[in-house]
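Each chain gets a letter, A, B and so on, in the order the sequences are listed, and its residues count up from 1.
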Number of protein chains: 2
Amino acid sequence: MATIKDIARLAKVTPSTVSRVLNHSGGYSEKTRRRVEKIADELHYQKNEAAVNLVAQTSNLIGVIVTNATTSFAAPIIDSIEDWAYQNGGRILLAHCGLNDSERLKTCLNLMAGRKVNGIISVSVQFDENNLKLLDQLQLPLISLGVKVSNQPMISIDNLKAATTGTNYLISRGYQRIALIAVDTSDPQTGRTRCAGYQKAMESAGLTPSIIPGDYSFAAGKQAAEFLLAKGELPEAIFAASDDAAAGVIYAAQEHGIKVPEQLAVLGFDNSSVASMIYPGITTIDQPFKQMGRLAIEHLTNQNVSSVELPYQIKERGSVAKYNSAQS
Amino acid sequence: MATIKDIARLAKVTPSTVSRVLNHSGGYSEKTRRRVEKIADELHYQKNEAAVNLVAQTSNLIGVIVTNATTSFAAPIIDSIEDWAYQNGGRILLAHCGLNDSERLKTCLNLMAGRKVNGIISVSVQFDENNLKLLDQLQLPLISLGVKVSNQPMISIDNLKAATTGTNYLISRGYQRIALIAVDTSDPQTGRTRCAGYQKAMESAGLTPSIIPGDYSFAAGKQAAEFLLAKGELPEAIFAASDDAAAGVIYAAQEHGIKVPEQLAVLGFDNSSVASMIYPGITTIDQPFKQMGRLAIEHLTNQNVSSVELPYQIKERGSVAKYNSAQS
DNA sequence: CTGAAAGCGCTTACAG
DNA sequence: CTGAAAGCGCTTACAG
């Protein structure tokens, strides 16, 4: 790999001058400029960013921590972060921390610190006590998407309101026996908040809440539906805590010859890619993932790291009927 | 951020000693060791990897280039690369190059070169002339997944054979009018090869091939099915060039009240996550994505960069009937 | 307009 | 067992 010195030697100038030319920082003759640039070109010179960062005392790196790549909604977020990076010459250091894997999250954090990232964006990552402490010691700006991490800034929708809105949407369509499923009740943030929102709406309407916990996955949704089916207690509508889970419900329903939405309405959460790939399309609560990614970057790069709450909306597709035909 | 010098000062030794202790390279007293480690700990010291890399002349970084995060099959590949990284202290520099965006790919390549990555893993990325030349100049080891990049090593399945196998599978089930859809015929590698495999199998069986090109997407699959439907020429079976496209076909079929697989069999390609989330499950050609990721890493780290061809297999689910009931 | 020097944070022979 | 020095590839005041 050619270095600045190689260029300097060939161009018969000092590294200082080469550096100036390559950085367009001015203070060299037109002639020198051309000579240096030509040689740099011929050598296919690539600046060693490690060296640059060392003197600049910055890494130009944004750390992104996600649980794993399979989480469907991580994709649009990473996409928007990457778009920013492309336009601004930033780079993305990616790490997966798994699910509730304290050791692995610790490794991720240390790795990010070692690379001196400018900031960390964590997507739906829960921090335990130890990692909270570590994060504090590392002094790295972090912005969390979707999950509240101690006193760190967060970008997310209002899960309580969203769950209430979703439930009310179902109620307003005429549904009464509505179950909330696949929601992680051990997750103090998202999970419990969504439960609370659902319960609030149900109780306000004088209806009895019924929750089947789960981990937001397709399997959890499928299991919940099968469980309900086996018990002969299929509700009129199922509010799934994620689109993956909604897909699981729809799968089970189709397997058992139950028509969606005629015999069972299904409301999802996220508006992730599956939502539109399944028939009938999943009516769901749209989370603005792309915007979340963009905002996270903006806040991090502007050092203006404060929490923000984004609007959500119901994306209507086919899995919920306009009116509850079962009632009419 | 504390540096090695800070530690040295507090521990009343020189940076050299601190370095030795922190790297466990021996040559210090037990007492010194304890003192240094204690102080490093108290300061929450994190080695500056940029500096380490500068002297070590390596970056410990693997560059991963994908078209975009939404490509469903990139996820398992990235997952397996990340797993390796976690276990081996490697780091992942992620970049998206978009679809046929020469400028962006160029930026990615330069970025990787600047960071002095140890190697690049590209996932389904096509290289045009210019970038091929750039890659050559940059002298970075690259291993490509799924797509042949000039004389670079590639890891993939045998697309020709896989397409033949898939087509024959359908034929052996009794289907005769079989269309291949959503395949990118402008893609000299994957696309055309799959076409060739399909055509070969059809012709060997004395059947007439029928191909509807597309970009492997859900939308392409849906459109193809709708087109066939509108023309009143729905075949007995559709071989979709990806699971996303297969999902599109199934969506269109359900919308039009056509039963899968009874009235229309659908065979997918990839065995990506959608395949099992749609009812009936998509019978598909399973590509060993996880293994591809693992192998790519192995080859890159062992400097043993040669092409390898991986086995594929048909994953049977519900979208193809065991026997063509329409015929019986 | 150009060069010499110091320094970013670390490692690693070389002395002692 | 420990330190002083040189160097990784770059940038940036400071002179001239």
Would you list the atom pairs, donor with acceptor, under 3.5 Å between side chains in residues 5-16 of chain A and any protein atom, with sequence neighbours excluded?
from	atom 1	to	atom 2	distance (Å)
D6(A)	OD1	R9(A)	NH2	2.8
D6(A)	OD2	T3(A)	N	2.7

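- Using a 4.0 Å heavy-atom cutoff across all strands shown, S25(B) reaches no nucleic acid atom at all.
- Closest of all the heavy-atom pairs between A74(B) and V66(B) is CB-CG1, 4.4 Å.
- Along DNA chain D, the stretch of nucleotides lying under 4.0 Å from any heavy atom of chain A spans, 5' to 3', dC8(D) to dA13(D).
- By the 6.0 Å contact criterion, CD on E30(A) is enclosed, its count of non-hydrogen atoms from other residues, nucleotides or ligands being greater than 12.
- The residue S16(B) sits close to a base: some heavy atom pair falls under 4.0 Å.
- Salt bridge present: K38(B) and E42(B) bring a charged side-chain N and a carboxylate O closer than 4.0 Å.
- Counting only heavy atoms from C-beta outward, the side chains of D215(B) and D184(B) never approach each other to under 4.5 Å.
- A salt bridge links E37(B) with R33(B): the closest approach of a Lys/Arg side-chain nitrogen to an acidic carboxylate oxygen falls below 4.0 angstrom.
- Toward the 5′ end of DNA chain C lies the nearest nucleotide of Y28(A), the other residue of the pair A56(B) and Y28(A) mapping further downstream.
- Using a 4.0 Å heavy-atom cutoff across all strands shown, N53(B) reaches no nucleic acid atom at all.
- Nearest-nucleotide assignment on DNA chain D puts the 5′-proximal partner with R35(B), out of V55(B) and R35(B).
- The main-chain N or O of G146(A) is never found under 3.5 Å from a side-chain atom of S156(A) such that the two would form a donor-acceptor pair.
- Residue contacts for T14(B): at a heavy-atom cut-off of 4.0 Å it reaches a base atom on one of the strands shown.
- Between R20(A) and I4(A), it is I4(A) whose nearest contact on DNA chain D lies nearer the 5' terminus.
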Inset, instruction - Return one dot-bracket line describing DNA chain D 5' to 3' (Watson-Crick or G-U wobble pairs, both distances under 3.5 Å; ( ) same strand, [ ] crossing, | another strand, . none). - result: |||.||||||||.|||
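- For K106(A), the NZ atom is loosely surrounded, since the number of other residues' heavy atoms within 6.0 Å does not exceed 12.
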